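The structure appears below as structure tokens.
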Amino acid sequence: MASRSGTKGSLDKQNKAFGIETLEGISRKPSPLLASKTSKSGTASVAQEVPPKQLNIETTANKKLHNAGQNGLLDSLAGKLDTSLRLGNTKQTQASLSPPATETKGSVEKIADHEKKTSEHGTVKDGVSSAKVSDGASSLAKTSGSAKISDRADFVESGKSSICRGSTSSNVSDESTCSSLSSSINKPHKANDSRWEAIQAVRSKEGVLDLRHFRLLKKLGCGDIGSVYLSELCGTKCYFAMKVMDKASLASRKKLLRAQTEREILQCLDHPFLPTLYTHFETEKFSCLVMEFCPGGDLHTLRQRQPGKHFPEQAVKFYVAEVLLALEYLHMLGIVYRDLKPENVLVREDGHIMLSDFDLSLRCAVSPTLVKSSSLETEPLRKNPVYCVQPACIEPSCIQPSCVVPTTCFTPRIFSSKSKKERKPKNEIGNQVSPLPELIAEPTGARSMSFVGTHEYLAPEIIKGEGHGSAVDWWTFGIFLYELLFGKTPFKGSGNRATLFNVVGQPLRFPESPVVSFSSRDLIRGLLVKEPQHRLAYKRGATEIKQHPFFEGVNWALIRCASPPEIPRPFEIEKIPVPTASTGEKPAPGAMPFQQNSDNYLEFDFF
Ligand SMILES: Nc1ncnc2c1ncn2[C@@H]1O[C@H](COP(=O)(O)OP(=O)(O)OP(=O)(O)O)[C@@H](O)[C@H]1O
């Protein structure tokens with residue numbers, strides 16, 4: 001398997017931008033179901049920016065935004081904006097991932113021991129009780145991790161707040177008591193998911209949900225901050241991907257903040273192409289995230305299996321369109337993703353995608369403001385008013401033209417000169433019905449100095465240490481599109497150092513084969529502009545990209561109902577051997593026996 005290196009560290013000085021020696025390589029991740037052990041390493045801790053000051057919630061505007069939504073997705077988004085702002089207004093007094101005293105790397109936990117500990121401390125702690133909700137006037141408390149302060153104070157790089165978090169004082173905690181963030185009520189798009197009910201049933205019966213209630217069947221993969229296991233909620237045939245993080249290891253490696261960031265972001269999400277976090281709980285040693293399981297592996301692995309190791313253009317269009325919607329939603333929540341690459345795009349059971357891995361994400365404090373156009377010039381726009389939600393940054397230093405509602409929001413670029421009649425949508429994704437209202441919430445004011453990402457995907461402004469914002473996601477989107485189409489990234493050099501130099505200094509070139517459409521190359525050209533301010537989507541985010549001719553004919557509102565290019569083979573749980581101590585069966589590599597009332601042990605071989 002080809003290897004690709006990445007970095008998850010902070011860049012203190014400009015000259016470190018090319019000091020690749022300081023960066024640790026990150027190997028590419030194989031498919032979760034094909035490989036049992038993968039590893040990633042990263043030494044430097046994620047830099048963290050200044051916590052935001054008080055966040056201003058424009059409640060009326062949010063309500064209007066809610067009303068403006070043309071479909072459920074937009075409605076839900078408005079609700080999510082509310083949620084994220086509420087989160088931002090919360091003051092945290094204790095970190096939920098409290099570092100335990102001992103190092104547990106590579107530990108073997110006897111299940112009996114685990115259960116004993118659980119019952120010793122076994123009372124259900126109210127997650128809320130360990131976190132105080134402020135009146136909204138306080139800034140967010142810093143927890144841990146190395147800090148790097150940028151000249152902007154308008155965003156948070158990692159999680160520092162949460163209304164709902166596990167108790168620090170208890171050894172076992174779950175979110176039973178703060179279900180507003182972990183139940184289907186808050187996630188209308190996943191409300192019909194039977195897994196919620198299964199989880200709720202266990203909670204109602206047992207009073208608490210924790211590790212004892214899951215069977216860990218197979219190790220799906222291993223990341224920098226934890227390992228992910230295919231797990232079954234015992235006796236329910238409900239399967240999940242459970243990310244298990246060793247708290248002592250996180251603390252000793254200064255990764256608590258990254259873990260917290262990921263959890264807090266996951267708690268906010270409700271989108272068809274983003275993970276559902278069903279629950280989160282903690283044991284004495286571990287912090288566990290219970291998420292939706294994607295049996296289709298990741299797009300990197302899937303690409304390797306394609307003829308010529310690249311996808312057909314129609315398939316590319318499908319995958320990047322779904323990723324674009326996921327990024328758009330994240331940006332509307334003020335989240336800059338920063339780690340787009342095929343390895344992080346998982347394929348769900350139904351062939352649609354799920355963008356995973358949020359521990360590198362940057363959170364920007366935004367105060368969305370709704371602006372409704374009143375003087376529209378073109379006929380279609382008169383019929384379909386344009387709504388523009390712009391982040392209104394609180395810090396005076398952030399007040400810049402991009403934070404003020406741009407006039408471009410009112411006059412979206414129309415790419416095609418053809419009349420409506422002439423334009424015949426022809427691709428498999430579906431037909432664009434009528435133009436949708438547009439929501440634009442590009443966190444253009446965000447600035448980070450962190451040096452994070454994967455070398456081949458790093459944006460020039462990150463490498464140059466100039467400070468970066470949401471435009472890095474549009475750069476990585478361009479690299480992603482290029483890689484899916486051509487089977488390789490455009491700036492890869494003989495080593496990491498050469499790659500970084502190429503990203504900054506080499507012009508974009510396209511291979512002669514495979515032959516791809518002009519519009520795909522045009523879109524890539526627009527995205528891979530080295531100066532972020534000239535990059536496509538810099539001002540109006542995903543809206544600009546959606547209007548590009550490459551996506552002509554895509555029915556954005558219904559893409560989740562479109563037929564995916566490939567549907568994974570049905571996932572057969574029976575084929576995963578579950579060894580028992582009595583039979584002495586050897587576990588398949590990565591298989592994690594975890595059964596109640598048995599001598600089986602649970603082994604977490606981290607990192
Ligand atoms: N929901 C899921 N369904 C199926 N497999 C998953 C799921 N989430 C993660 N995985 C697999 O587990 C592996 C580890 O995921 P994880 O997000 O912990 O690490 P990562 O993507 O390598 O990122 P990081 O190092 O930043 O933590 C992934 O490579 C992926 O193959």
Side-chain angles (χ1 to χ4, degrees), residues 1 3-9 24-46 158 190 195 216-232 238-246 249-250 253 255-263 265-266 269 273-279 286-302 304 337-350 352-362 450 452-454 457 568 571 573 576 590 592 604-607:
M1 173 132 333
S3 78
R4 175 143 68 188
S5 57
T7 176
K8 301 191 174 191
E24 283 211 357
I26 295 176
S27 55
R28 289 192 83 138
K29 297 172 286 182
S31 160
L33 287 180
L34 295 177
S36 58
K37 178 144 179 136
T38 59
S39 69
K40 257 191 186 182
S41 61
T43 46
S45 58
V46 171
S158 51
K190 303 291 169 68
R195 285 166 285 199
L216 270 58
L217 302 166
K218 179 181 167 63
K219 189 172 186 174
L220 296 169
C222 184
D224 194 31
I225 61 169
S227 297
V228 180
Y229 297 86
L230 169 62
S231 354
E232 183 196 358
C238 288
Y239 300 99
F240 300 91
M242 185 191 289
K243 187 162 182 168
V244 183
M245 292 161 282
D246 181 323
S249 174
L250 289 177
R253 294 160 65 236
K255 308 262 174 177
L256 285 167
L257 216 50
R258 273 179 52 185
Q260 193 177 333
T261 298
E262 178 157 48
R263 192 187 69 233
I265 289 176
L266 285 169
L269 306 178
F273 308 137
L274 290 168
T276 302
L277 179 68
Y278 290 94
T279 191
F286 303 110
S287 177
C288 305
L289 301 173
V290 180
M291 297 173 288
E292 186 175 348
F293 167 57
C294 289
D298 60 74
L299 280 193
H300 175 66
T301 310
L302 198 54
Q304 308 285 337
Y337 178 57
R338 301 204 294 189
D339 202 16
L340 179 59
K341 54 183 174 182
E343 292 91 326
N344 283 342
V345 181
L346 306 181
V347 179
R348 292 175 193 273
E349 200 175 8
D350 61 5
H352 290 268
I353 65 103
M354 183 180 106
L355 196 57
S356 73
D357 203 1
F358 294 89
D359 60 344
L360 289 192
S361 298
L362 168 77
S450 303
V452 293
T454 301
Y457 273 76
F571 155 64
I573 197 72
I576 297 176
M592 291 295 119
F604 292 135
D605 51 340
F606 287 101
F607 318 117

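First listed ligand is number 1; within each ligand, the first listed atom is number 1. Predicted model only: the values in this text are computed from it and were never measured.
Looking at D359 against ligand 1, only its side chain comes within 4.0 Å, counting heavy atoms. Only the side chain of M354 comes within contact range of ligand 1, with a heavy atom under 4.0 Å; no backbone atom does. Heavy atoms of L230 found under 4.0 angstrom from ligand 1: none, in either backbone or side chain. Contacts between L360 and ligand 1 below 4.0 angstrom, taking non-hydrogen atoms only, are absent altogether.
Under the side-chain contact (heavy atoms from CB on, under 4.5 Å) criterion, V347 pairs with L299, L302, P568, sequence neighbours left out.
Under the 3.5 Å distance criterion, the side-chain polar atoms of R348 are matched with a main-chain donor or acceptor of I353. Between the side chain of N344 and the backbone N or O of D339, at least one donor-acceptor pair lies under 3.5 Å. In this structure, the side chain of R253 engages the main chain of D224 through a donor-acceptor pair within 3.5 Å.
In summary, the atoms of ligand 1 found under 4.0 Å from a heavy atom of K243, numbered by their order in the structure, are 16 (P), 17 (O), 18 (O), 27 (O). Near L220, meaning under 4.0 Å from one of its heavy atoms, ligand 1 places the atoms 4 (C), 5 (N). Within the listing of ligand 1, atoms 17 (O), 20 (P), 21 (O), 23 (O), 24 (P), 26 (O), 27 (O) sit less than 4.0 angstrom from a heavy atom of D357. Of all atoms in ligand 1, numbered sequentially from 1 with element shown, those under 4.0 Å from a heavy atom of G223 are 14 (C), 18 (O), 19 (O), 20 (P), 22 (O), 25 (O), 27 (O). Counting the atoms of ligand 1 from 1 in the order shown, those under 4.0 Å from a heavy atom of F293 are 3 (N), 4 (C). Remark: ligand 1 atoms within the under-4.0 Å shell around heavy atoms of I225 are 27 (O). In summary, the atoms of ligand 1 found under 4.0 Å from a heavy atom of N344, numbered by their order in the structure, are 21 (O).
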Trace of the salt bridge (charged side-chain N to carboxylate O under 4.0 Å, His left out) decision for K255 with D359
CA-CA 9 Å; K255 308 262 174 177; D359 60 344; over 6 Å; no
List the steps and the verdict of side chain to side chain contact (heavy atoms under 4.5 Å, CB included) for L289 and V228.
CA-CA 9 Å; L289 301 173; V228 180; over 6 Å; no
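The shortest side-chain heavy-atom distance between P275 and F358 falls under the 4.5 Å cut-off. Within the 4.5 Å cutoff, no side-chain heavy atoms of C238 are placed close to those of F293.
Within the set C222, A241, G221, the minimum heavy-atom distance to atom 2 (C) of ligand 1 is found for A241.
Using cut-offs of 30° and 60° for the angle between ring planes, the F240 and Y278 rings count as perpendicular.
For ligand 1, the polar-atom distance check against S356 finds no nitrogen or oxygen pair separated by under 3.5 Å. Residue D224 places at least one N or O, backbone or side chain, under 3.5 Å from an N or O of ligand 1.
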